[in-house]
Amino acid sequence: MSSTTSTADAGLIGLAVMGQNLVLNLADNGYSIAVYNRTTATTEEFVARATDDQDVRGTETIEEFVAALSRPRKIILLVKAGEVVDKVIDQLLPHLEADDIVIDGGNSLFTDTQRRFEALAEQGIRYIGSGVSGGEEGARNGPSIMPGGSADAWPEVRDMLQAISAKAGPNDDEPCCDWIGPGGSGHYVKMIHNGIEYGDMQVLAEAYLALSALGNSPAEMATIFDGWNQGRLRSYLVEITAEIMAATDDDGTPMIDVILDAAGQKGTGKWTVISAMQLGQPMMLVAEAVGARMVSSFVDVRKRAAELLLGPESVGLGDLSVADVADAVYAAKLISYAQGFMVLADASAENEWGLDLASIARMWRGGCIIRAAFLDDIAEAYGRDANLVNLLFDPFFVDAVNASIPGLRKTVLAAAGAGIPVPAYASALTFFDGFRTARGSANLIQAQRDYFGAHTYERLDKPRGEWFHTDWAGTGGAATSGSYSA
Ligand code: 2AM
């Protein structure tokens with residue numbers, strides 16, 4: 001640690017692993033950083049580990065921390081999401097001045113960020129809620145950073161945040177960090193990223209199940225996933241899945257075979273689905289991914305169910321091939337991202353965020369958990385047409401999904417026949433078939449609603465917006481109760 005009497009470029013509060021790694025990343029990029037942590041011993045240990053060319057300055061009180069910063073102050077918070085963020089902001093506020101910039105880099109719920117942004121704006125403090133994705137390793141070497149909030153603070157923190165972010169693009173020089181939009185939009189985009197991550201993981205977990213049922217050992221699956229990682233499915237999650245399949249325990253048993261199949265979750269998948277539902281958007285693949293984790297956690301109940309409840313007599317997968325499963329993964333991912341970007345577009349319109357969907361896809365190309373080759377294709381699709389109604393309408397994706405859907409269909413059929421649960425694949429296929437059905441079955445839903453609740457319906461032979469009611473049972477009057485929309 002170099003000692004200096006000048007003030008530090010920025011400060012960071014919260015020295016858990018993410019915070020520590022972000023500080024080291026900032027310091028390696030030439031920024032002097034003051035740090036503060038509730039538990040001072042952690043600060044002392046951390047500062048002692050910094051090398052001579054890393055300018056990291058420990059402070060023991062909030063007052064000392066704030067005094068150590070150049071003005072306008074740039075303060076990054078990486079404390080536990082929730083009440084702790086409010087508490088730390090309350091501690092900071094009496095010591096801050098107009099135009100200081102507070103950046104919450106934790107996993108805050110976007111509505112909390114929106115509230116804090118508004119409350120701090122009233123005090124003249126600029127607030128940025130920034131999603132940071134990439135885990136511990138990303139924080140150290142370059143995460144994907146999704147900042148949103150006070151737009152006039154962006155030029156003042158842009159260089160710093162882009163310097164520490166991952167880089168992507170053909171020359172690996174395009175920062176995976178750009179301005180997202182106002183209010184809570186940065187944390188919103190990070191939340192959707194995490195939701196999509198749940199979906200991607202479930203899609204691969206189902207591939208693992210199908211490939212196992214086809215008789216592949218973990219070592220063989222390592223080779224298969226590694227092969228997938230050389231082509232259109234190239235992504236961080238496929239890469240680590242290949243490594244996981246290859247890993248063995250001390251006695252040589254594949255690691256994957258010794259790990260309990262009960263998945264944890266911290267809540268961002270659930271938040272994503274709730275938000276999509278509130279917007280009236282069917283982000284169903286992610287909903288299935290969240291649900292599958294929930295079912296997985298009922299370990300003892302599942303053991304009992306395994307004794308009582310019957311599967312099919314035949315557990316064969318017919319002529320299902322590894323290539324079909326690869327197509328299933330790809331098609332399911334396309335549909336999941338189409339659903340995710342529908343939500344982003346709708347949330348942007350609803351909140352007047354002006355989200356740039358191509359830019360968001362570009363930001364996700366590096367550093368974050370869902371980084372993947374095909375985010376380039378998504379960025380290009382929205383680059384071709386920023387107002388694309390649906391990702392699946394872009395010429396590249398029309399061809400891509402039409403070519404891979406047969407494999408998804410075959411995988412879902414084979415899995416259903418064999419009693420293998422593939423909720424994400426089944427949901428993707430069902431969405432696809434519903435989405436491409438010009439005339440579906442909601443005419444019956446409308447008739448039922450009109451029958452029992454006089455909710456009225458529109459007719460095929462009349463213009464949209466004209467509502468009709470039928471006295472179905474011959475007992476009601478002409479009174480209607482209006483048609484509800486989601
Ligand atoms: P700690 O080291 O003192 O626990 C992630 O948990 C980070 O949030 C840690 O740096 C932790 O500090 C901090 N944190 C958790 N609860 C806090 C609180 N009530 N006030 C301040 N910091 C807190």
Side-chain angles (χ1 to χ4, degrees), residues 1 8 10-28 31-50 54-69 73-96 100-113 115-117 119-120 123 125 127-141 143-147 149 161 164 184 186-187 190-191 193-194 264-268 271 368-369:
M1 170 191 159
L12 185 140
I13 299 179
L15 291 174
V17 185
M18 284 291 283
Q20 293 195 9
N21 281 354
L22 220 53
V23 172
L24 296 176
N25 185 348
L26 283 158
D28 283 348
Y31 291 93
S32 52
I33 306 294
V35 295
Y36 170 80
N37 192 62
R38 176 183 59 173
T39 311
T40 306
T42 309
T43 312
E44 286 167 358
E45 282 163 33
F46 174 63
V47 170
R49 286 209 329 266
Q54 290 171 329
D55 189 349
V56 179
R57 310 172 190 181
T59 63
E60 294 187 10
T61 64
I62 287 278
E63 291 86 341
E64 193 193 341
F65 170 77
V66 172
L69 303 175
R73 301 177 180 88
K74 302 176 186 79
I75 299 172
I76 302 172
L77 308 182
L78 264 174
V79 294
K80 219 169 134 205
E83 282 170 17
V84 177
V85 177
D86 291 309
K87 221 170 120 186
V88 172
I89 290 174
D90 286 345
Q91 288 168 0
L92 274 171
L93 260 181
H95 309 288
L96 298 185
D100 283 349
I101 302 167
V102 176
I103 305 172
D104 173 15
N107 253 339
S108 294
L109 184 57
F110 75 99
T111 45
D112 285 342
T113 301
R115 169 176 58 76
R116 290 168 189 144
F117 163 79
L120 289 182
Q123 317 241 9
I125 308 296
Y127 194 70
I128 293 178
S130 180
V132 177
S133 172
E136 295 169 17
E137 190 266 335
R140 182 68 186 90
N141 300 313
S144 170
I145 305 179
M146 297 153 249
L161 295 183
I164 62 168
H187 273 130
K190 169 69 187 341
M191 176 187 76
H193 162 285
N194 281 30
Q265 50 185 320
K266 282 191 176 168
T268 43
W271 293 351
C368 63
I369 305 298

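Both ligands and their constituent atoms are indexed starting at 1 by order of listing.
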What does the N/O contact table under 3.5 Å look like for ligand 1?
residue: ligand 1; atom: 2 (O); partner: Asn37; partner atom: ND2; Å: 2.8
residue: ligand 1; atom: 3 (O); partner: Arg38; partner atom: NE; Å: 3.0
residue: ligand 1; atom: 3 (O); partner: Thr39; partner atom: N; Å: 3.1
residue: ligand 1; atom: 3 (O); partner: Thr39; partner atom: OG1; Å: 2.5
residue: ligand 1; atom: 4 (O); partner: Arg38; partner atom: NH2; Å: 2.9
residue: ligand 1; atom: 8 (O); partner: Lys80; partner atom: N; Å: 3.3
residue: ligand 1; atom: 10 (O); partner: Leu15; partner atom: N; Å: 3.1
residue: ligand 1; atom: 10 (O); partner: Asn37; partner atom: OD1; Å: 2.7
residue: ligand 1; atom: 12 (O); partner: Asn37; partner atom: OD1; Å: 3.4
residue: ligand 1; atom: 19 (N); partner: Arg38; partner atom: NH1; Å: 3.3
residue: ligand 1; atom: 19 (N); partner: Lys87; partner atom: NZ; Å: 3.3

So, do Leu93 and Leu120 sit near enough that their side-chain heavy atoms are less than 4.5 Å apart? yes
Residue pairs passing the side chain to side chain donor-acceptor pair (under 3.5 Å) test where at least one lies in residues 76-89, sequence neighbours excluded: Asp86-Arg115, Asp86-Arg116
For Asn107, check side-chain hydrogen bond (donor to acceptor under 3.5 Å, both in side chains) against everything at least two apart and list the hits. Lys190
From Leu161 atom CG to Ile128 atom CD1, the distance as rounded to the nearest 0.5 Å: 7.0 Å
Which residues satisfy the side-chain hydrogen bond (donor to acceptor under 3.5 Å, both in side chains) test with Asp28, sequence neighbours excluded? Gln54, Arg140
Contact summary for Ile164 and Pro143, nearest pair of heavy atoms: O-CD, 3.1 Å
